[in-house]
There are 2 protein chains.
Amino acid sequence: MFKKAKQTRVFQDVVEQIQDAILNGKLEPGSKLPPERTLKDIFNTSRGTLREALRVLEQKGLIDIKLGVAGGAIVKRIDAEPIIESLALLIRSGEVSLEHISEFRIKIEGSMMELAAEHAKKKDIQELESLFNEAKAFYNNNEWENFLKTDEKMHTHIGMMTRNPIFRFVQKSIHDNIHRYYAEHLSMNKKRALENLTDFKKIIAALKINDAKTASSIIMDHVKRFSDKMQKNR
Amino acid sequence: MFKKAKQTRVFQDVVEQIQDAILNGKLEPGSKLPPERTLKDIFNTSRGTLREALRVLEQKGLIDIKLGVAGGAIVKRIDAEPIIESLALLIRSGEVSLEHISEFRIKIEGSMMELAAEHAKKKDIQELESLFNEAKAFYNNNEWENFLKTDEKMHTHIGMMTRNPIFRFVQKSIHDNIHRYYAEHLSMNKKRALENLTDFKKIIAALKINDAKTASSIIMDHVKRFSDKMQKNR
DNA sequence: ATAATTAAATGGTTTAACCATTATAACAAA
DNA sequence: TTTGTTATAATGGTTAAACCATTTAATTAT
């Protein structure tokens, strides 16, 4: 029925005003806020209070602070950063385990593959094929670091194909945290790389005949294999 | 290869120390930090700098601040709040639309239903049946507000049944934001309520025979119907 | 026993100064 | 002229000391 009554802290009022300006597009990404000493006059507050507001905006991922002459608060383009950090806290606190993330990731990548298949345009399939050939070349040369990068690019492109930014943000949040906390250094070998290549070949084939379920099922196995390997390696 | 070099701001060092203590469990949820005037001495910094650190910790959802005597910073139990707020920013910025959220929600609830079915214990099904009967009673009395609350409880319980906190957090983030920005006041009627009841009856039946795919497919339709209704109402 | 008042702890804000970093301008050297 | 060095000033980061505002607890009055 009722909402929480508003707090009366001055810095929160400042946060809301600047945040609203950013979210309404009155302040564009890349644009610079006035210096602290000017802002404090605009909002009729002290520099300390103003700086507390800037800390909050910074933590929300709405601004970056640059030092020195021509420095100051710069409006950021909104991205997955705050979600990545929130997930990181859940992991570090032990609230969420590698098994939890792996299970979630399998379901998410499966769902994304279905959507991607539904939206697949000729150009998307061409892009995936081009990435596939890139990966194949790295496979032939045993360039595992580059192979993994291309593998990631394929996942990312499938994310783009969903045409849904939430999936992209969630995908990136999972990916970044897995690599930050569980798989900093991945080992690869010819056998596993070939399995991955084969998966993507099958996925592309399935996309061409609009077989969303098959594509989804393949990528879920693909991700599961990666997860199992990772859990064995710990 | 390399990581971003650490910033040299004093308040960030304070944030990290307190954050680590919380995440390592050295500071338990509910426990109170010393007053600002003591903390500033402990960290050998000024009160202004210390307060900037507290703002960051507050924004991360790690502490709450209470005013007055016996007030101060209280360690919070980690929850979905920061993720909810991040998603809220994506929505308010226009980066994410109702259609995006609806599509995401359908896939998530479908995935959750599959996992819930896999983990379903007799007690879970009993709980769902009890909620079903509660909803039926509200249906008979045309108590729509209570009906919707029970409907939500059923979804939440399915979230619990996944045994995976990420799904619960994501589910709550979607739910809270949909109701904050798109469906503050839901209208219900006998026809739609009956459809919902029927869905849950079928879901429970599917769970009893361990038919995860059917249960999942029903709840996806169920959520889709809700989304369509919501989008028509705007 | 109850209500009103006072005191003290604690977060919130202000002011004024100084320190640290960095882009730019001015200058010096090749 | 070009290139490297040095000074300048803009701007964020930090500090110190004071006062204000809220809230709990103790005290006092009814």
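Residue numbers start from 1 in every chain, and the chains themselves are labelled A, B, ... in the order their sequence lines are given, proteins ahead of strands.
In this structure, Glu52(B) does not pair ionically with Arg9(B), as no charged nitrogen and carboxylate oxygen lie closer than 4.0 Å. In summary, Lys149(B) and Glu152(B) do not engage in a salt bridge, as defined by a charged side-chain N under 4.0 Å from a carboxylate O. A salt bridge is absent between Arg37(B) and Asp41(B); no separation between the charged side-chain nitrogens and carboxylate oxygens falls under 4.0 Å.
For the residue pair His155(A)/Glu109(A), the side-chain donor-acceptor check at 3.5 Å is satisfied. Side chain to side chain, Glu129(B) and Asn133(B) fail the donor-acceptor criterion of an N or O pair below 3.5 Å.
Side-chain atoms of Asp124(A) come within 3.5 Å of backbone atoms of Lys121(A) as a donor-acceptor pair (strictly under, hydrogens ignored). Looking at His157(A), its side chain never comes within 3.5 Å of a backbone N or O of Met154(A) through a donor-acceptor pair. Although no hydrogens or angles enter the test, the distance criterion places no donor-acceptor pair under 3.5 Å between the side chain of Asn140(B) and the main chain of Ala137(B).
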Report all side-chain donor-acceptor pairs from residues 66-78 of chain A shorter than 3.5 Å, counting only partners two or more places apart or in another chain.
none

Scan the side chains in residues 81-93 of chain B for donor-acceptor partners under 3.5 Å anywhere in the protein, sequence neighbours excluded, and list what turns up.
| from | atom 1 | to | atom 2 | distance (Å) |
| --- | --- | --- | --- | --- |
| Glu85(B) | OE2 | Arg180(B) | NH2 | 3.1 |
| Ser86(B) | OG | Pro82(B) | O | 2.8 |
| Arg92(B) | NH2 | Asp20(A) | OD1 | 2.7 |
| Ser93(B) | OG | Leu89(B) | O | 3.2 |
| Ser93(B) | OG | Leu90(B) | O | 3.0 |
| Ser93(B) | OG | Glu95(B) | N | 3.2 |

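Of all the heavy atoms in Trp144(B) and Asn189(B), the pair that sits closest is CZ2-C, 4.0 Å.
For DNA chain D, the outermost nucleotides in 5' to 3' order that have an atom under 4.0 Å from a heavy atom of chain A are dA9(D) to dT14(D).
Applying a 4.0 Å cut-off to non-hydrogen atoms, the residues of residues 39-55 of chain B that approach DNA chain D are Thr45(B), Ser46(B), Arg47(B), Thr49(B), listed by residue number.
Per the geometry, CZ belonging to Arg37(A) stands 13 Å off P belonging to dC18(C), to the nearest Å.
For the helix from dA1(C)-dT30(D) to dA30(C)-dT1(D), the terminal axes (five pairs an end, C1' atoms, rotation from four pairs onto the next four) enclose an angle of 10°, given to 10 degrees.
The nearest heavy atom of DNA chain D to Arg9(B) and to Thr8(A) marks one nucleotide each, and the one closer to the 5' end goes with Arg9(B).
Taking the six-membered ring where the residue is Trp, Tyr139(B) and Phe147(B) present tilted rings, their angle falling between 30° and 60°.
A cation-pi contact, defined as under 6.0 Å to the ring centre and within 45° of the axis, is absent between Arg51(A) and Phe11(B).
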Polar pairs (N or O, both sides) under 3.5 Å between protein and nucleotides 22-24 of chain C?
none

